[in-house]
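Reviewing the structure listed below.
Being a predicted model, the structure only gives us computed values, none of them experimental.
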Amino acid sequence: MSGVLEAYAGAVAARAQKVGWIELVLPAVLPAVVELITKCFDKPSELKAFAEGDRSALQLVGLRIRCNRAVREAGIDGFRRVQKAGTALMTAMLDELNDRAELLADGDAGNVYAQAMAEAFSVA
């Protein structure tokens with residue numbers, strides 16, 4: 001797969017690595033991103049709202065669970081290490097979403113969110 005999700009997941013992995021979680025590479029991050037989109041959003045407008053900061057507590061808990069699972073699957077073990085790495089991944093995902101939402105605010109963002117959802121559902 002290449003496209004919006006791979007670019008996003010690569011940027012998230014780079015952010016996580018900058019804060020010291022070198023284990024969090026693209027193959028660990030991409031499934032968490034795909035699962036988040038396929039399980040939490042029914043339409044591009046919902047994904048857009050989430051990216052722009054309209055996040056429910058339930059969505060954030062779901063994201064935390066997916067991030068913790070992704071870091072365990074990346075080989076990180078131990079409760080505290082999983083929690084720290086999961087938090088780093090979640091923070092990287094949200095920070096990258098915030099930055100991208102700001103960049104897309106002026107343009108035709110709806111198309112990007114629709115493309116991201118199509119990519120996620122094609123591999124799920």
Side-chain angles (χ1 to χ4, degrees):
M1 169 183 24
S2 83
V4 173
L5 290 185
E6 193 168 302
Y8 171 76
V12 168
R15 282 179 185 259
Q17 289 173 358
K18 282 182 184 176
V19 295
W21 291 101
I22 197 71
E23 300 98 331
L24 299 180
V25 294
L26 184 62
V29 175
L30 193 54
V33 173
V34 169
E35 186 179 1
L36 173 70
I37 290 174
T38 59
K39 302 286 185 202
C40 295
F41 307 108
D42 293 325
K43 50 191 169 188
S45 61
E46 293 173 356
L47 177 58
K48 180 181 182 210
F50 184 82
E52 292 175 343
D54 185 15
R55 300 170 182 138
S56 73
L58 186 60
Q59 288 172 322
L60 293 174
V61 168
L63 177 58
R64 176 167 299 284
I65 290 168
R66 287 166 180 82
C67 289
N68 287 348
R69 184 179 324 128
V71 300
R72 279 192 303 275
E73 290 172 0
I76 297 171
D77 59 355
F79 180 77
R80 292 176 89 48
R81 284 185 42 86
V82 167
Q83 294 300 311
K84 286 182 179 181
T87 298
L89 177 56
M90 182 174 164
T91 300
M93 289 176 79
L94 293 174
D95 288 350
E96 187 63 27
L97 266 178
N98 292 341
D99 289 352
R100 289 179 183 241
E102 286 177 19
L103 291 173
L104 293 171
D106 297 331
D108 182 26
N111 193 23
V112 171
Y113 296 111
Q115 183 180 351
M117 289 193 72
E119 287 178 20
F121 282 103
S122 74
V123 297

Which atoms form the tightest heavy-atom contact between [X] and [Y], and what is the distance?
| X | Y | answer |
| --- | --- | --- |
| Ala9 | Val29 | O-CG1, 3.8 Å |
| Ala32 | Ala70 | CB-CB, 3.9 Å |
| Glu119 | Ser122 | O-OG, 2.7 Å |

Atom pair [atom1] ([X]) and [atom2] ([Y]), whose distance is rounded to the nearest 0.5 Å:
| X | Y | atom1 | atom2 | value |
| --- | --- | --- | --- | --- |
| Ile65 | Glu35 | CD1 | CD | 9.5 Å |
| Asn68 | Glu73 | CG | CD | 11.0 Å |
| Glu52 | Leu47 | CD | CG | 9.5 Å |
| Cys67 | Gln83 | SG | CD | 11.0 Å |
| Glu46 | Ser56 | CD | OG | 10.0 Å |

In the structure I gave you, are the side-chain heavy atoms of [X] and [Y] within less than 4.5 Å of one another anywhere?
| X | Y | result |
| --- | --- | --- |
| Val71 | Trp21 | no |
| Met93 | Leu36 | yes |
| Tyr8 | Leu97 | yes |
| Met117 | Tyr113 | no |
| Leu5 | Ile37 | yes |
| Phe50 | Asp54 | no |

Test log, rule side-chain contact (heavy atoms from CB on, under 4.5 Å), inputs Arg66 and Cys40: CA-CA 11 Å; Arg66 287 166 180 82; Cys40 295; 4.2 Å; yes

Arg15 side chain to Thr91 side chain, donor-acceptor N/O pair below 3.5 angstrom: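 There is no such pair (donor and acceptor under 3.5 Å, judged by atom type) between the side chains of Arg15 and Thr91.
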
Sequence neighbours excluded - salt bridge (Lys or Arg N to Asp or Glu O under 4.0 Å) pairs with any residue from residues 77-94: Glu23-Arg81

Asp95 bridged to Arg100 by N-O distance under 4.0 Å: no

From CA spacing to verdict: side-chain contact (heavy atoms from CB on, under 4.5 Å), Leu94, Leu63: CA-CA 10 Å; Leu94 293 174; Leu63 177 58; 3.7 Å; yes

